[in-house]
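Report on one structure; see the data block that follows.
In each ligand, atom 1 is the first atom listed, and ligand 1 is the first ligand listed. Numbering of residues begins at 1 and proceeds along the displayed sequence. As a basis for the values below, the full set of heavy atoms in this structure was taken, side chains included, without hydrogen atoms, waters or symmetry mates.
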Amino acid sequence: MSLSSEFVVVANRLPVDRVPGTGTGEGASWRRSPGGLVSAIAPVMRRREGTWVGWHGAPDEVLMPFETDGMKLVPVPQSSEDVELYYEGFSNATLWPLYHDVVAPPVYSREMWDAYVRVNERFAKAAARVASQGAIVWVQDYQLQLVPAMLRRLRPDLRIGFFLHIPFPPLELFWQMPWRRQILEGLLGADLVGFQLPGAASNFVRLCRRLLDARYNKQDVFWDDRVVRARAFPISVDVGELNDLIARPSVRERAEEIRTDLGDTTILLGVDRLDYTKGITQRLEAFGELFGDGHLKPGEAVLVQIATPSRERVEQYQLLRDQIEQQVGRINGEYGEIGFPVVHYMHTSYTRDELAALYLAADVMVVTPLRDGMNLVAKEYVACRADLRGTLVLSEFAGAAAELKRAYQVNPYDIDGLKDTLLMALNAEPAEQARRMRAMRKRVIEHDVDRWARDFLSSLEEPNSPSGPPLQ
Ligand code: ADP
Ligand code: G6P
């Protein structure tokens with residue numbers, strides 16, 4: 001297999017990771033790795049026959065490049081120490097909470113920062129080895145913000161794009177970061193820096209001006225004799241894949257089976273990684289109170305909450321899991337009856353078929369993050385509801401709220417508001433459901449993940465001529 005490629009994606013994660021306990025070598029089993037980044041980039045990669053440079057999810061294991069599902073994968077190893085300090089540490093205990101409005105306190109540790117620099121170097125070198133002359137290299141997400149500048153130093157011939165899948169914080173928050181200058185300089189190694197929303201691109205340009213004294217014009221930053229463009233590209237879902245899934249008789253039968261198993265009841269559904277940004281506890285609190293207040297009775301409605309295990313060794317995630325499991329136990333103990341639990345909670349990852357069946361079975365999709373770059377689950381639900389049935393309750397703090405204006409939008413911090421909105425969504429007439437769903441579907445179908453990737457990559461391929469002379 002020739003690894004040299006004209007199109008290279010660099011992300012912390014490969015699209016598959018090893019199923020723990022299935023051994024190494026030929027006998028090992030692989031599964032799709034979690035999260036929105038992989039859901040979005042995998043279909044694009046399959047179509048472009050590129051090379052994906054990333055980690056395969058197991059510590060202390062060096063693997064040779066391999067091929068899966070039409071994608072060439074180049075594993076980048078991480079030692080146990082790297083996993084602890086770079087992945088669980090600086091990426092997920094520092095950057096993740098800081099960039100999500102400090103909904104949990106970020107940890108600032110010099111040891112973690114050193115690991116972040118070291119592992120970013122390793123990714124940059126791996127990408128430099130596989131990119132052919134003049135190749136396009138697309139670096140993904142907050143774990144690899146130093147890679148663009150490192151890669152440019154190694155390979156000035158490359159065209160480098162960067163996309164941040166999570167929010168980019170306002171100046172007042174980013175200012176906390178002890179290594180704020182290094183991170184901005186790392187990102188400025190790219191030709192194009194993409195964000196989910198225009199506000200995030202503006203935050204970035206404003207920071208470059210204030211912190212680096214960089215000259216700028218609108219969303220162009222003049223840096224190192226180059227122009228770096230900052231732009232918004234709201235990410236989306238693979239509508240074609242979801243259409244295929246919902247057309248399968250097995251998926252439709254499974255949706256019916258789920259409805260039958262749950263009894264003649266209204267089904268609310270939550271699908272998230274088990275993450276404190278997702279507002280799962282607020283959702284449970286509001287739903288539980290609807291029973292306490294007498295607005296709902298056991299058997300009338302049920303919440304199915306699927307929570308994929310995520311970052312399980314990070315303390316905040318362990319605390320959250322305990323909190324959610326206690327809450328579910330309390331709500332079922334207090335309001336459930338024999339044969340009628342109020343919440344069905346599953347701490348597991350599902351196949352795409354099973355997820356599609358759940359989307360088809362759900363009457364109300366509940367997406368209540370406290371902050372989210374985009375939230376693909378909301379868009380997946382809309383893409384699956386070709387029958388124009390079902391309602392979407394969506395947090396104002398999800399990036400998707402900017403596009404899905406006809407969702408039942410809600411502030412998840414406002415528990416009374418959340419309860420009222422859940423009731424409205426539960427009681428929506430079919431004609432109202434269809435009106436809202438039609439409008440949301442139009443947006444998602446016209447702006448699917450292919451269009452997102454095309455927009456980003458064609459913008460990256462354009463020469464970087466500035467929109468005007470520097471203003472400062
Ligand atoms: P994040 O990227 O923060 O995890 P998103 O909502 O943007 O959040 O993306 C989550 C992706 O992971 C979606 O494509 C969703 O279908 C998938 N996913 C979420 N929960 C599960 C689960 N329990 N099993 C399988 N896939 C899941
Ligand atoms: C979000 C992030 C991704 C990350 C995913 C899963 O989607 O934006 O970069 O890969 O969550 O998280 P994990 O830590 O398991 O890779």
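For F90 and W113, the ring centers sit closer than 6.0 Å to each other. The six-membered or imidazole ring of F195 lies near that of F204, with a centre-to-centre distance under 6.0 Å. Ring to ring, W30 and F66 are close: their centroids are under 6.0 angstrom apart. The ring of W138 has its center closer than 6.0 angstrom to the ring center of F456.
The pair R313-E84 does not meet the salt-bridge criterion, since no charged nitrogen lies less than 4.0 angstrom from a carboxylate oxygen. Taking the charged nitrogens against the carboxylate oxygens, K379 and D238 have no contact shorter than 4.0 Å, which rules out a salt bridge. Using a cut-off of 4.0 Å between Lys/Arg side-chain N and Asp/Glu carboxylate O, K72 and E49 are scored as not salt-bridged. In this structure, R252 does not pair ionically with E256, as no charged nitrogen and carboxylate oxygen lie closer than 4.0 Å. Classification of R389 and D387 as a salt-bridged pair fails, no side-chain N sitting under 4.0 Å from a carboxylate O. No salt bridge links R311 with E88; every basic N to acidic carboxylate O contact stays at or beyond 4.0 Å. The residues R254 and E354 are annotated as salt-bridged, a charged nitrogen and a carboxylate oxygen being separated by less than 4.0 angstrom.
Using a non-hydrogen distance threshold of 4.0 Å, T348 registers as a contact of ligand 1. Judged by the shortest distance from any of its heavy atoms, Q140 lies outside the 4.0 Å radius around the atoms of ligand 2.
For Y350, a nitrogen or oxygen atom sits less than 3.5 Å from a nitrogen or oxygen atom of ligand 1, counting backbone and side chain alike. Taking any N or O of G36, backbone or side chain, at least one lies under 3.5 Å from an N or O belonging to ligand 1. Between W96 and ligand 1, no pair of N/O atoms sits closer than 3.5 Å. Between V377 and ligand 1, at least one N/O pair is under 3.5 Å apart. Between L37 and ligand 1, no N or O atom pair is found at a separation short of 3.5 Å.
Looking only at protein heavy atoms, the nearest one to atom 20 (N) of ligand 1 is T308 OG1, 2.9 Å. For atom 16 (O) of ligand 1, the closest non-hydrogen atom on the protein side is E380 OE1, 2.6 Å. Regarding atom 6 (C) of ligand 2, its nearest protein heavy-atom neighbour is P34 O, 3.5 Å. If you check which protein heavy atom lies closest to atom 6 (O) of ligand 1, you get L376 N, 3.1 Å. In terms of protein heavy-atom proximity, atom 18 (N) of ligand 1 is nearest to L355 CD1, 4.2 Å. Looking only at heavy atoms of the protein, atom 19 (C) of ligand 1 is closest to V271 CG1, 3.7 Å.
Proximity to H165 (heavy-atom distance under 4.0 Å) selects the following atoms of ligand 2: 8 (O). Close approach of ligand 2 to Q143 is summarised as follows: ligand atoms under 4.0 Å from at least one heavy atom of the residue are 9 (O). Listed by number with element, the atoms of ligand 1 under 4.0 Å from a non-hydrogen atom of G35 are 2 (O), 4 (O), 9 (O), 10 (C), 11 (C), 12 (O). Annotation for ligand 2: atoms under 4.0 Å from non-hydrogen atoms of G36 are 7 (O). With ligand atoms numbered from 1 in the order given, ligand 2 contributes 8 (O) to contacts under 4.0 Å with heavy atoms of I166. Residue I306 has at least one heavy-atom neighbour below 4.0 Å for each of these atoms of ligand 1: 23 (N). Of all the atoms in ligand 2, the ones that sit under 4.0 Å from a non-hydrogen atom of Y87 are 13 (P), 14 (O), 15 (O). Ligand 1 places these atoms under 4.0 Å from at least one heavy atom of Y359: 16 (O). Every atom of ligand 1 with a heavy atom of S39 under 4.0 Å away is listed here by number and element: 11 (C), 13 (C), 14 (O). Atoms of ligand 1 found under 4.0 Å from any heavy atom of N375, numbered from 1 in the order shown, are 6 (O), 7 (O).
Of the options D17, D141, L37, the smallest heavy-atom separation from atom 8 (O) of ligand 2 is shown by D141. Ranked by closest heavy atom to atom 8 (O) of ligand 1, the top entry among K278, M374, R31 is K278. For the residues M374, E88, R311, R13, the heavy atom positioned nearest atom 11 (O) of ligand 2 is part of R311. Considering only non-hydrogen atoms, atom 17 (C) of ligand 1 lies nearest to R352 out of R352, Q305, R273, H347.
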query: Run the side-chain contact (heavy atoms from CB on, under 4.5 Å) check on L355 and V271 step by step: do they pass?
result: CA-CA 9 Å; L355 276 185; V271 174; 3.8 Å; yes
task: Might you work through the side-chain contact (heavy atoms from CB on, under 4.5 Å) test for H344 and V328, ending with a clear yes or no?
output: CA-CA 8 Å; H344 287 260; V328 170; over 6 Å; no
- prompt: Run the side-chain contact (heavy atoms from CB on, under 4.5 Å) check on R451 and S236 step by step: do they pass?
  reply: CA-CA 8 Å; R451 172 151 174 193; S236 193; over 6 Å; no
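For D414, the salt bridge (Lys or Arg N to Asp or Glu O under 4.0 Å) test picks out no residue, with sequence neighbours left out.
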Atom pairs and distances, donor-acceptor, side-chain atoms in residues 163-179, under 3.5 Å, two or more places apart:
| residue | atom | partner | partner atom | Å |
| --- | --- | --- | --- | --- |
| H165 | NE2 | Q140 | OE1 | 2.7 |
| Q176 | OE1 | Y108 | OH | 2.8 |

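Contacts of M346 with ligand 1, taken as heavy-atom pairs under 4.0 Å, are absent altogether.
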